[in-house]
Amino acid sequence: MAAVKETIETVQKLETYAHGFVTDIETEYAPKGLNADIVRFISAKKNEPQWMLDYRLAAFERWQSMDEPDWAKVHYQKVDYQDLYYYAAPKPKPKLNSLDEVDPELLAVYAKLGIPLKEQEVLAGVATAPKYAVDAVFDSVSVVTTFKDELKKSGVIFCSISEALREHPELVKEYLGSVVPVSDNYFAALNAAVFSDGSFVYVPPGVRCPMELSTYFRINAENTGQFERTLIIADKGAYVSYLEGCTAPMRDENQLHAAVVELVALEDASIKYSTVQNWYPGDAEGKGGIYNFVTKRADCRGARSKVSWTQVETGSAVTWKYPSCILRGDDSVGEFYSIAVTNGMQQADTGTKMIHLGKNTRSRIISKGVSAGKSSNTYRGLVSAHARAGGARNFTQCDSLLIGKTCAAHTVPYVESDTASAQFEHEATTTRLSEDQLFYAMQRGLSQEEAVALLVNGFVREVLQELPMEFAVEAQKLLAISLEGSVG
Amino acid sequence: MLNIENLTVSVDDKTILKGLNLNVPAGEVHAIMGPNGAGKSTLGYTLAGRPNYEVTQGAVDFNGEDLLEKDVHERAAAGLYLSFQYPLEIPGVPAMTFIRTALNAQRKLRGEEEMSAPEFLKTIRDVAKTLKIDMDMLKRPLNVGFSGGEKKRMEVLQMALLQPKFLILDETDSGLDIDALKVVSDGVNALRSDDRGMLVITHYQRLLDHIKPDRIHILVDGRIVHSGGPELALELEAHGYDRYVNEAA
């Protein structure tokens, strides 16, 4: 018991968040609070077309008539929506005679976070390392997108959603809100009204995107909500792999992150979407941290299309997130691979929805929850088959690992089928990190911390393998760090 | 090399070892024999530093250092290796990864350089071959779904790679058929050397036909009640522990 006791004690010192620094950068804010004028302000800031403003205003009206959902197994102090800034952007500096027009202070932030924003830095890396393009979103705006020209050669559009609204309004108009409608839920409606930036990707028919695309989100400003909007469209036969990462400074107050991500996969298209979420989780007493209320959904619109979600969730004070797939096209495939680690006072309620509408659609869910400290970790999932979804198949596996005796794990699976020919399987396990395994590993020379990291990595390995190589390594380190300080 | 004085150990408030004395010099192999419940495994676990095994009295000197002061992994890095009676399964961690992580963790703790991947691969390949372990098995999660014999071979593989200074073999023969017993004992015997000590914990004499001890100690009710040469094993095989148990009582 001694080892576990020590684990619990040290779990409580959650002082290992490496990205908690604040950058002193001149910021332009919209006035605090939320009303129709703020919505207009954001839209005007971005020189949006009239239809976009109308869309936002309609969403705002809708949002006002909705109630914040309370069915998730999370408890938190409700957000005062009038006490937030809905727009914060680094003030543009006069242009420098450098390669970039990006503020060097901003570049420094990303350098500190280990995100390469200069293409030559990426290229200067190991020759064999694959390139990846980055869209960096700082508070409310996208500050830079790399490798745009190279991507353009293959016809891939990768830019901020603000830019897409200006340069490719027809694409945005066609797809925005087509997967997550304004009325979908409280946070989605709020996002539709006030979203400030995010990434846009369009991969034309038959094109395999030549590099990994990634977006890196950073919340810096105080009392600011981040509402990003991501829209990814893979046209017929296209393929794209996309990764998002997120961090925020350590602050005593809670910050709201309410994003919407929409994926559209047309016939034979395939989208791989990976997330490494490391928002500030709050301190050991549960003070501060990010509220991560996110709606992510994919529409497998075309026959034989495929969407694969992989998420590594280690941060945030409260997580409310269910990346889902609507399997509309016949023979389409949806996958959800998840690692959710909670420590300290963190609460996570996460899972997925696989909605089988088309014939012979298949889905696979592998969820690994790790809870430590006094945290609470809930898997919530829905697998449903429509009457026309003959031959639908699902396999679900939910495993929970408990570290110590003061954490909790819950599994809430919903399974519904309106067709007799659907085959749904569900497996679930809950285990405690075993003293004996820890002792065995330590007897071979591993410190307690190393032993915990090794055992946890073993537990989540199946999911880690789904991540692009270089990010899998990062994620592995992140897992060790988030359970660290945890172990003495 | 290993000197145990008056070792008294409780587990969950029950005293198991009651003032045990034992000295194993470098280069020697000592066997601990005794009936079930005498405290044989407790001795191994206590030396390795298992949590909950509370030393209430006594001292253990390991190469001039106070062993009991050290944490579990520090004892391992100092060269103490316990071969488990029931090796643990480590799901999701390939055997190769586990062993390499352990080896480098020990090296780091001793202030040595990590073993490079190619060197490690070459070493483990050679050792695996002598132990008749298939390389594919090393890519599987350690001990998960392995047979009893395979698990014991993995224990020997690990000791051969970690090259500890002192080995404690806890019932290494349990669950082994005669062929596996031979492979495992050959592996252990290959590690016998002038600067390495071994403590072989066993209930049966059978293992001692393969790993020949210099000294045999009989452990009854938490104390060593009798010590002798290798011939003691044969006597025990013939007459059992009754005589010693009765004497102790």
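Residue numbers start from 1 in every chain, and the chains themselves are labelled A, B, ... in the order their sequence lines are given, proteins ahead of strands.
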Should we count CZ of A:Arg362 as having more than 12 external heavy atoms under 6.0 Å?
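At most 12 heavy atoms, drawn from other residues, nucleotides or ligands, come within 6.0 Å of this atom.
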With a 6.0 Å cut-off on ring centres, are B:Phe84 and A:Phe439 close enough?
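Centroid separation for B:Phe84 and A:Phe439: below 6.0 Å.
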Are any of the side-chain nitrogens in B:Lys108 or A:Glu450 under 4.0 Å away from the carboxylate oxygens of its partner?
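Judged by the 4.0 Å cut-off on N to carboxylate O distance, B:Lys108 and A:Glu450 do form a salt bridge.
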Between B:Glu89 and chain A, with a heavy-atom cut-off of 4.5 Å, which part of the residue counts as in contact: side chain, backbone, both or neither?
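The answer is the backbone of B:Glu89.
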Side chains of A:Arg461 and B:Pro94: closer than 4.5 Å at any heavy-atom pair?
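Yes; the side chains approach each other to less than 4.5 Å.
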Tell me, do B:Tyr86 and A:Tyr440 make a side-chain contact under 4.5 Å, heavy atoms counted?
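The answer is no, as the side chains (C-beta and beyond) never meet within the 4.5 Å cut-off.
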Interface moiety of A:Ala441 toward chain B, non-hydrogen atoms closer than 4.5 Å:
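Looking at A:Ala441, backbone and side chain both touch chain B.
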Nearest heavy-atom neighbours spanning [X] and [Y]:
X: A:Arg444; Y: B:Ala102; value: O-CB, 3.2 Å
X: B:His73; Y: A:Leu446; value: CB-O, 3.1 Å
X: B:Val93; Y: A:Leu454; value: CG2-O, 3.4 Å
X: A:Gly445; Y: B:Gln106; value: CA-CG, 3.8 Å

Between A:Gln437 and B:Leu88, is there a donor-acceptor pair closer than 3.5 Å when you use the side chain of the first and the backbone of the second?
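No, A:Gln437 side chain to B:Leu88 backbone: no donor-acceptor pair under 3.5 Å.
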Once you round to the nearest 0.5 Å, how far does CG of A:Asn457 lie from CD1 of B:Ile90?
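It comes to 13.0 Å.
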